[in-house]
Amino acid sequence: MVEYFIRRPKFAIVLSIIMTIIGLIALLKAPVEQYPNVAPPEIEVSTEFTGANAEVLRDTVATEIEKEVNGVEGMIYMRSKSASDGNYILTVAFEVGFDADKAQILVQNRVNRAMAKLPEEVKRSGVKVEKTASNIMMAVMVHSPDQSKDGLFLNNYANMNIKDELARVNGVSKVRNIGDMEYAMRIWLDPSKMASLGIVPEDVASAIGEQNVIRPAGSVGAALTPPKHHRSKWWCAQRAACVINSNLKIL
């Protein structure tokens with residue numbers, strides 16, 4: 001076959017031109033979904049351990065999750081990042097052509113095995129398993145032209161008004177706020193007073209958690225609910241009249 005084209009160079013040139021034209025037409029007309037996958041599918045595991053530094057995050061979270069995820073079916077490599085702000089990200093890359101939905105389920109099952117060994121703070125914040133891509137399609141910067149807003153305000157504004165809108169755009173799989181910051185309160189403890197009272201930081205955290213609760217106040221102006229064995233039209237009418245006339249509150 002090679003000798004055939006060598007002996008007929010004009011035929012080879014014409015055939016090459018035709019193939020090039022067909023390729024250009026296909027490049028412009030063929031849908032993106034039919035392009036072959038050249039990048040390996042990736043699954044991202046992310047969580048947050050508030051107050052932990054990178055070393056604590058590595059020893060208590062990264063080690064347990066990676067020990068379970070390592071060796072999952074179809075995996076070719078994985079990389080992780082334990083940041084000093086308590087954020088942990090594990091990226092698992094699979095073979096080219098491997099079903100991304102299946103890969104997500106396999107990784108989720110492995111992460112569920114490690115959940116029992118993770119700290120309670122991590123369990124409360126949750127561990128996310130999502131399909132992702134390592135390349136960034138677009139970077140959007142939010143700034144204050146007159147410098148009246150600081151970075152914390154801009155981060156909070158982007159999370160509330162921009163992030164969700166961008167995530168709903170067709171073709172966007174995930175929107176990440178780089179350098180994410182949130183409003184929080186930092187509390188400094190006095191070691192000497194804590195020692196005299198015989199308490200530890202966990203006791204203070206538990207007390208704050210018990211008081212940091214939004215409790216429902218009920219409904220204002222709602223109708224009274226009588227006991228089940230007295231629920232009758234006459235009883236309800238008499239009760240309402242009693243409340244109106246005597247201006248008393250019946251519980």
Side-chain angles (χ1 to χ4, degrees), residues 32 39 41-58 60-62 65-66 78-93 100-101 103-104 107-108 111 115 118-189 201-202 204-220:
V32 178
E42 294 181 345
I43 305 298
E44 182 181 278
V45 181
S46 60
T47 186
E48 181 180 2
F49 192 176
T50 305
N53 56 25
E55 185 177 0
V56 174
L57 195 63
R58 179 198 63 192
T60 59
V61 179
I65 294 179
E66 293 172 17
M78 64 181 183
R79 62 181 183 272
S80 64
K81 177 183 177 182
S82 301
S84 59
D85 59 355
N87 288 312
Y88 170 74
I89 298 177
L90 170 66
T91 304
V92 186
D101 294 326
Q104 184 178 6
V107 174
Q108 181 68 68
V111 171
M115 288 296 294
L118 300 180
E120 291 298 327
E121 292 81 358
V122 177
K123 294 179 184 179
R124 285 196 295 267
S125 62
V127 180
K128 299 179 182 178
V129 180
E130 302 172 312
K131 294 180 288 185
T132 186
S134 57
N135 55 329
I136 299 176
M137 183 178 67
M138 179 184 295
V140 180
M141 180 176 294
V142 181
H143 71 285
S144 177
D146 56 356
Q147 304 298 323
S148 60
K149 308 299 181 183
D150 58 0
L152 181 59
F153 178 89
L154 294 176
N155 269 270
N156 185 67
Y157 180 86
N159 285 328
M160 295 178 60
N161 301 286
I162 300 177
K163 187 176 180 180
D164 293 338
E165 294 291 335
L166 293 178
R168 286 192 287 266
V169 176
N170 293 332
V172 177
S173 61
K174 184 177 181 181
V175 178
R176 179 184 302 169
N177 192 347
I178 301 175
D180 194 9
M181 295 185 292
E182 295 181 355
Y183 287 102
M185 179 183 293
R186 177 171 293 181
I187 300 174
W188 283 266
L189 305 178
E202 287 75 11
V204 179
S206 299
I208 295 174
E210 291 175 358
Q211 298 181 30
N212 187 25
V213 177
I214 300 177
R215 301 189 183 278
S219 302
V220 178

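The backbone N or O of A83 lies less than 3.5 Å from no partner atom in the side chain of N87, so there is not a single donor-acceptor pair. The backbone N or O of L152 lies less than 3.5 Å from no partner atom in the side chain of N156, so there is not a single donor-acceptor pair.
Contacts of D150 classified as salt bridge (Lys or Arg N to Asp or Glu O under 4.0 Å), with partners at least two apart in sequence or in another chain: none. Annotation: side chain to side chain contact (heavy atoms under 4.5 Å, CB included) contacts of L166 (sequence neighbours excluded): I162, V175. For S80, the side chain to side chain donor-acceptor pair (under 3.5 Å) partners at least two apart in sequence or on another chain are E66. Remark: R124 engages no residue in a side chain to side chain donor-acceptor pair (under 3.5 Å) (not counting sequence neighbours). Legend: residues meeting salt bridge (Lys or Arg N to Asp or Glu O under 4.0 Å) with E210, ordered by chain and number and at least two apart, are absent. With sequence neighbours excluded, the residues that form a salt bridge (Lys or Arg N to Asp or Glu O under 4.0 Å) with K123 are E120. Partners of E121 under the side chain to side chain donor-acceptor pair (under 3.5 Å) rule, at least two apart in sequence or in another chain, do not exist in this structure. Residues forming a salt bridge (Lys or Arg N to Asp or Glu O under 4.0 Å) with K149 (at least two apart in sequence, or on another chain): none. With sequence neighbours excluded, the residues forming a side chain to side chain contact (heavy atoms under 4.5 Å, CB included) with D146 are S144, S148, listed by chain and number.
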* Show your working on side chain to side chain contact (heavy atoms under 4.5 Å, CB included) between L90 and V111 and close with a plain yes or no. => CA-CA 11 Å; L90 170 66; V111 171; over 6 Å; no
* After noting the C-alpha distance and the side-chain angles of D101 and K131, does the key distance pass the side chain to side chain contact (heavy atoms under 4.5 Å, CB included) rule? -> CA-CA 8 Å; D101 294 326; K131 294 180 288 185; 2.6 Å; yes
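Using a cutoff of 4.0 Å between basic side-chain nitrogens and carboxylate oxygens, R79 and E44 are not scored as salt-bridged.
Using a 4.5 Å cut-off on side-chain heavy atoms (C-beta onward), M115 and V122 make no contact. Two residues are said to be in side-chain contact when any heavy atoms from C-beta on lie closer than 4.5 Å; N155 and F153 fail this criterion.
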Side-chain donor-acceptor pairs under 3.5 Å in residues 45-56, sequence neighbours left out?
{"unit_1": "T47", "atom_1": "OG1", "unit_2": "G126", "atom_2": "O", "d": "2.9"}
{"unit_1": "N53", "atom_1": "OD1", "unit_2": "E55", "atom_2": "N", "d": "3.3"}
{"unit_1": "N53", "atom_1": "OD1", "unit_2": "V56", "atom_2": "N", "d": "2.8"}

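When every heavy atom of V61 is checked against every heavy atom of P119, the shortest pair comes out as CG2-CD, 4.2 Å.
A side chain to side chain contact (heavy atoms under 4.5 Å, CB included) with I43 is found for exactly one of M78, Q108, Q104, namely Q104.
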